[in-house]
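Down below is the structure, laid out as structure tokens.
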Amino acid sequence: MRRRDFISTGIGAIAIALTSEQANAARRSVMTIYKDPNCGCCNLWAKAMENAGFTVERVNTDDLPGIKKRFGVPSEVEGCHTATVDGYFLDGHVPLEAVRKLLDEKPDLAGLAVPGMPEGSLGMGSDPNASYDVFAVGKGPDQKTSIYYEVRPRS
């Protein structure tokens with residue numbers, strides 16, 4: 001290989017690598033998490049989202065009911081904290097697998113919710129026997145809910 005060809009090939013490889021890195025950075029979703037400033041489980045959930053590659057912005061607030069109302073979270077499926085990502089809300093301890101499914105499929109929903117604070121859910125400890133449902137919340141005034149994802153004990 002001639003020197004000029006070698007240099008051209010090297011420059012091309014660097015350009016491809018930089019372009020690929022820029023594309024990956026552009027695809028990295030920003031997640032804003034509204035949480036109680038004193039809540040440890042919210043911080044654990046946020047850290048798990050960061051570890052999964054999300055850019056996480058934490059917003060401490062004493063008005064979580066107001067935040068939930070602002071994003072249209074129905075009271076019957078309210079969880080601990082509320083997050084937003086790519087036009088959806090995530091309320092409570094929504095597992096990473098459900099978040100990935102939501103962002104991959106991009107259904108016509110307002111968001112996902114895990115009511116309460118289920119033991120063993122993401123941020124609430126690791127329990128292979130955890131069993132809870134993730135609810136899809138529809139858009140519009142009726143905010144119809146349905147089961148979107150099931151977390152069941154691992155065999």
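The model shown is predicted, which means the values in this text are computed figures rather than measured ones.
Placement of I147 and V151 in two distinct hydrophobic clusters is found when ILVMFWY residues are connected by side-chain heavy-atom separations under 4.5 Å, directly or transitively. Under the 4.5 Å side-chain heavy-atom criterion for Ile, Leu, Val, Met, Phe, Trp and Tyr, V114 and V99 are members of the same hydrophobic cluster. L64 and V137 end up in the same hydrophobic cluster when Ile, Leu, Val, Met, Phe, Trp and Tyr side chains are linked at under 4.5 Å.
Closest approach of P118 and S121 over heavy atoms only: O-OG, 2.6 Å. Between H93 and G116, the shortest heavy-atom contact is CD2-O, 4.5 Å. The minimum heavy-atom distance linking L109 with A136 is given by the pair CD1-CB, 3.7 Å. In terms of heavy-atom proximity, C41 sits nearest to G123 at CB-O, 3.3 Å.
Side-chain contact between P153 and P128 is absent, with no heavy atoms from C-beta onward closer than 4.5 Å. Residues P95 and V134 form a side-chain contact, since some pair of their non-hydrogen atoms from C-beta on lies under 4.5 Å apart. Taking 4.5 Å as the limit, some side-chain heavy atom of L103 sits within range of a side-chain heavy atom of F54. Taking 4.5 Å as the limit, every side-chain heavy atom of N60 sits out of range of all side-chain heavy atoms of D36.
Here the side chain of Q143 pairs a donor or acceptor atom with the backbone of G72 at under 3.5 angstrom. At distances below 3.5 Å, not a single donor-acceptor pair connects side-chain atoms of K68 with backbone N or O atoms of P65. A side-chain donor-acceptor contact under 3.5 Å links H81 to the backbone of G92.
A side-chain contact (heavy atoms from CB on, under 4.5 Å) with M49 is found for exactly one of V56, V85, L90, namely V56. Results of the side-chain contact (heavy atoms from CB on, under 4.5 Å) test with T84 over V59, T32, V30, D91 single out T32 as the only residue that passes. A side-chain contact (heavy atoms from CB on, under 4.5 Å) with L102 holds for exactly one of D86, V94, L112; it is L112.
Annotation: side chain to side chain donor-acceptor pair (under 3.5 Å) contacts of T55 (sequence neighbours excluded): R28. Partners of Y34 by ring pair (Phe, Tyr, Trp, His ring centres under 6.0 Å), not counting sequence neighbours, listed by chain and number: F71.
Legend: ring pair (Phe, Tyr, Trp, His ring centres under 6.0 Å) pairs involving residues 126-151, not counting sequence neighbours: none detected. The stretch residues 125-150 participates, sequence neighbours left out, in these salt bridge (Lys or Arg N to Asp or Glu O under 4.0 Å) pairs: D108-K139, D133-R152, E150-R152. Sorted by first and then second residue, the pairs that involve residues 54-65 and meet salt bridge (Lys or Arg N to Asp or Glu O under 4.0 Å), not counting sequence neighbours, are E50-R58.
A distance of 11.0 Å separates OG of S29 from OH of Y88, quoted to the nearest 0.5 Å.
With side-chain heavy atoms closer than 4.5 Å counting as contact, directly or through intermediates, the hydrophobic cluster containing M117 also holds M124.
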